[in-house]
Amino acid sequence: MEEQFFDLSSFAVDDHKMEGMTLLETIKTVKPNILIGLSACGGLFNEQVLQAMNENESPPIIFPLSNPTSRSECTAAQAQAATGGRAIFASGSPFPDVEISGKVVASSQCNNRYIFPGLALGAALGQTEVVTNGMINRAAEALVELIDDADIARRATFPENVEIREVACHLAASVFEQALQEG
């Protein structure tokens, strides 16, 4: 994996000063652009946390992926309210789109329905014995190819105007090509 990425030596640097920090303190110190929730702690991304994420120049990417809905770290409405509608939002639970100042902002649902069917079909067609990192990466790249201007305008993180079977076929073709390249 390291051969596909640049220098990873600073990826997880030991910094004992950060031990014991709250999530809010960590955000203010590190200034991340993305916040991914996998905690199953409903409400963990509270207004202060979301506002701190919004202090960066780029729009904050907020992905509360925990399920069920009651365990989601925040809702789409909470993320958009706290960030003035700037958040790029995808969640593990379904949330309705949010209207901010007359503009609809997408609340994408991030789950395995997009990648897994096409990845599996491509690997099966390619008669691979394993699914490689390259195949997974190619499936992700192929998914992005299906996002259109309307999706981007709404800040959707997944192609929302494409039938799921079309998504699976498009990804499968890309995964199959990757499998052929890898031999």
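- In this structure, I115 is a member of the same hydrophobic cluster as I164, with clusters built from ILVMFWY side-chain heavy atoms closer than 4.5 Å.
- The stretch residues 56-107 participates, sequence neighbours left out, in no ring-ring contact (aromatic ring centres under 6.0 Å, His included) pair at all.
- When side chains are defined from C-beta on, V30 counts as touching M18, because their heavy atoms get closer than 4.5 Å.
- A side chain to side chain donor-acceptor pair (under 3.5 Å) check over residues 76-89, counting only residues at least two apart or in different chains, returns the pairs N54-R86, T75-Q78.
- Annotation for G92 and Q109: closest pair O-NE2, 3.1 Å, computed over non-hydrogen atoms.
- How far CG of L119 is from CE of M135: 8.5 Å, rounded to the nearest 0.5 Å.
- Evaluation of the side-chain hydrogen bond (donor to acceptor under 3.5 Å, both in side chains) rule for S108 yields T157, E160 as partners, not counting sequence neighbours.
- Screening residues 38-59 for salt bridge (charged side-chain N to carboxylate O under 4.0 Å, His left out), with sequence neighbours left out, gives no hits.
- Among all heavy-atom pairs drawn from N67 and R71, the shortest one is O-CB, 3.7 Å.
- The hydrophobic cluster containing L171 does not contain L125, counting ILVMFWY residues as joined when their side-chain heavy atoms lie under 4.5 angstrom apart, directly or transitively.
- With values rounded to the nearest 0.5 angstrom, L121 atom CG is found 15.0 Å from F116 atom CZ.
- Here the shortest heavy-atom pairing between S93 and S66 reads OG-O, 3.5 Å.
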Exercise answer: donor-acceptor pairs, residues 96-103 side-chain atoms, under 3.5 Å, sequence neighbours excluded:
| residue | atom | partner | partner atom | Å |
| --- | --- | --- | --- | --- |
| D97 | OD1 | S107 | N | 2.9 |
| D97 | OD2 | R154 | NH2 | 2.4 |

Got a list of side-chain donor-acceptor pairs under 3.5 Å for residues 34-44, not counting sequence neighbours?
| residue | atom | partner | partner atom | Å |
| --- | --- | --- | --- | --- |
| S39 | OG | C41 | N | 3.1 |
| S39 | OG | E73 | OE2 | 2.9 |

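- Taken from CG in L65 to CD1 in I62, the straight-line distance is 11.0 Å, to the nearest 0.5 Å.
- Applying the ring-ring contact (aromatic ring centres under 6.0 Å, His included) test to every pair with at least one member in residues 125-157, sequence neighbours left out, gives no pairs at all.
- Between the CG atom of L180 and the CD atom of Q127 there is a distance of 10.5 Å, given to the nearest 0.5 Å.
- If you take CD on Q48 and CG on L23, they are separated by 11.0 Å, rounding to the nearest 0.5 Å.
- In this structure, CG in L146 is found 12.0 Å from CD in E163, a value given to the nearest 0.5 Å.
- Both V175 and I136 belong to a common hydrophobic cluster when Ile, Leu, Val, Met, Phe, Trp and Tyr are linked at side-chain heavy-atom distances under 4.5 angstrom.
- For D148, the side-chain hydrogen bond (donor to acceptor under 3.5 Å, both in side chains) test picks out no residue, with sequence neighbours left out.
- Evaluation of the side-chain hydrogen bond (donor to acceptor under 3.5 Å, both in side chains) rule for E19 yields H16 as partners, not counting sequence neighbours.
- Applying the ring pair (Phe, Tyr, Trp, His ring centres under 6.0 Å) test to Y114 and every residue at least two apart in sequence or in another chain returns F158.
- Residue pairs meeting the salt bridge (charged side-chain N to carboxylate O under 4.0 Å, His left out) criterion with at least one partner in residues 131-143, sequence neighbours excluded, are R138-E141, R138-E145.
- Shortest non-hydrogen contact noted between K31 and K28 is NZ-O, 2.9 Å.
- V105 and G85 make their closest contact through CG2-O, 4.3 Å (heavy atoms, listed as atom of the first residue, atom of the second, distance).
- Remark: N46 engages no residue in a side-chain hydrogen bond (donor to acceptor under 3.5 Å, both in side chains) (not counting sequence neighbours).
- Of all non-hydrogen atoms in V167 and P159, the two that sit nearest each other are CG2-CG, 4.4 Å.
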